[in-house]
Amino acid sequence: MGATATGKTELAVEIAKRFPVEIISVDSALIYRGMNIGTAKPGTDILALAPHHLIDIIDPAEHYSAWNFVEDSNRLIEEITSRGKIPLLVGGSMMYYHALENGLNKLPVADARLRASLSRQAGEIGWPAMHEKLTAIDPLSASRIKPGDSQRIQRALEVFEASGQPLSSLQQLKSTASKHLALKIILHAKDRAALHARIEQRFLAMIEQGFIDEVSSLKLRSDLNLSLPSMRCVGYRQVWQFLEGNLSRDEMIYKAIVATRQLAKRQMTWLRRQPQDFAFDCLAYRNDAIFESINKAFSDR
RNA sequence: GGAGGGGUUCCCGAGUGGCCAAAGGGGGCAGACUGUAAAUCUGCUGGCUCAGCCUUCGGUGGUUCGAAUCCACCCCCCUCCA
């Protein structure tokens, strides 16, 4: 686990050279086919080094979810284990890890039509008013969700309309957490300024590598638009706006870098809640130290 | 050389005598996070021995009980005329 640009892929490669692993990507952006440069997707040469899963599994027009991830990764973990290999989960989508580890309640699936109608209503009366509606049907959820949090208000209302039950009561049911033991290796960015520099450098390199062309060809497709989760990924969204003429090139670059920094910050917030026994500074760790930790953890167990 | 506009807290940008440590936005920092999560949202953001005090609105001086706001001079930037 690690924030964006902390070098997870590089470390995963080193681990894959030393241990009999298969990699499961824990990344809500690497799932999309055709989104390579902007997601910093490992190249085919690197992917060939070890079996890997959950990369390039859906089209950018399609939707994926934390629930899908939990199902997919649980299945893969079983399969890989039965092959006598070790599943190595690598990625920065912290909510996916969280969902896998702690489980999710059985809730109604996302419903595009319901969401569209809720968005339409919100457009007329505003999200704070939608929040009041939520207070009427599910006061507990409403008290947890802020009046400006459009996405969660929408989800809570969607769950109620789809199931006839308030989200909060469905969430009280016992959820199924993963029973697998995991050794969590965390890459920390102790030097924030250095991480920021790395993020900037990496984005500029993406531009060099043809990121704009990548987005440009996605934009040519009539079935993709800015409201899709895929096109809301960091970088893609800003380049898309640049191609629309809503941002200058410099603004686009600046905003994309800022968005990446902010993403990293949110990832670090999740990471701080994790046990820190196997945390390493992403700029100053030794592979030996990590291998040692892994060996020790396995022999202990 | 002449005419005009402007220099505000990290950045942009309001503010034209007290209610101003100074609107708003950006950035930054911290946090939340149950089927969109690279998403969505919340809080804080000059300093301190913190119900008060100190430093800040280009610089220096002045007017005033009181100035980011008025006056004088100086420095710098932009536009136009020469």
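Chain letters run A, B, ... following the sequence lines, proteins first, then strands; residues in each count from 1. Bear in mind the structure is a predicted one, so any value in this text is a computation, not a measurement.
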Select base, sugar-phosphate, or nothing to describe what A:Gly92 touches, counting heavy atoms under 4.0 Å on all strands.
-> sugar-phosphate
Provide, to the nearest angstrom, the distance between the CD atom belonging to A:Gln267 and the P atom belonging to B:rU40.
-> 15 Å
Are any non-hydrogen side-chain atoms of A:Asp149 and A:His131 less than 4.5 angstrom apart?
-> no
From A:Leu30, A:Val13, A:Ile23, residue fulfilling side chain to side chain contact (heavy atoms under 4.5 Å, CB included) relative to A:Pro42 = A:Leu30
Are A:Tyr236 and A:Leu218 close enough that some pair of their side-chain heavy atoms sits under 4.5 Å apart?
-> yes
Around A:Glu208, counting heavy atoms of other residues, nucleotides and ligands shown, do more than 12 lie under 6.0 Å from its CD?
-> no
Could you list by number each residue of residues 134-159 of chain A showing a heavy-atom separation from RNA chain B of less than 4.0 Å, or answer none if no residue does?
-> A:Lys146, A:Gly148, A:Asp149, A:Ser150, A:Gln151, A:Arg152, A:Gln154, A:Arg155
Do NZ/NE/NH1/NH2 and the carboxylate oxygens of A:Glu161 and A:Arg113 come within less than 4.0 Å?
-> no
Atom CZ of A:Arg232 to atom C1' of B:rA37: distance rounded to whole Å?
-> 10 Å
Are A:Lys255 and A:Asp250 ion-paired here, with the side-chain N under 4.0 Å from a carboxylate O?
-> no
For the side chain of A:Arg266, counting heavy atoms from C-beta on, which of B:rU34, B:rC41, B:rU36 is nearest?
-> B:rC41
What are the atom names and distances for every N/O pair under 3.5 Å that joins the protein to nucleotides 26-29 of chain B?
{"unit_1": "B:rG27", "atom_1": "OP1", "unit_2": "A:Gln262", "atom_2": "NE2", "d": "3.4"}
{"unit_1": "B:rG27", "atom_1": "O3'", "unit_2": "A:Arg261", "atom_2": "NH2", "d": "3.1"}
{"unit_1": "B:rG28", "atom_1": "OP1", "unit_2": "A:Arg261", "atom_2": "NE", "d": "2.3"}
{"unit_1": "B:rG28", "atom_1": "OP1", "unit_2": "A:Arg261", "atom_2": "NH2", "d": "3.0"}
{"unit_1": "B:rG28", "atom_1": "OP2", "unit_2": "A:Gln262", "atom_2": "NE2", "d": "2.9"}
{"unit_1": "B:rC29", "atom_1": "OP1", "unit_2": "A:Arg192", "atom_2": "NH1", "d": "2.9"}

Provide, to the nearest angstrom, the distance between the CZ atom belonging to A:Arg237 and the C1' atom belonging to B:rU40.
-> 10 Å
Using a cut-off of strictly less than 4.0 Å, decide whether A:Thr269 has a side-chain nitrogen or oxygen near OP1 or OP2 of B:rG31.
-> yes
Interatomic distance, A:Leu118 CG vs B:rU40 P [rounded to whole Å] | 17 Å
Is A:Tyr64 touching bases, backbone alone, or none of the nucleic acid, heavy atoms closer than 4.0 Å?
-> sugar-phosphate
Main-chain N/O of A:Ile57 paired with A:Arg33 side-chain donor or acceptor, under 3.5 Å | yes
Rounded to whole angstrom units, what separation is found between the CG atom of A:Leu100 and the P atom of B:rG35?
-> 15 Å
Measure the distance from OH on A:Tyr96 to P on B:rC33 and round it to the nearest whole Å.
-> 18 Å
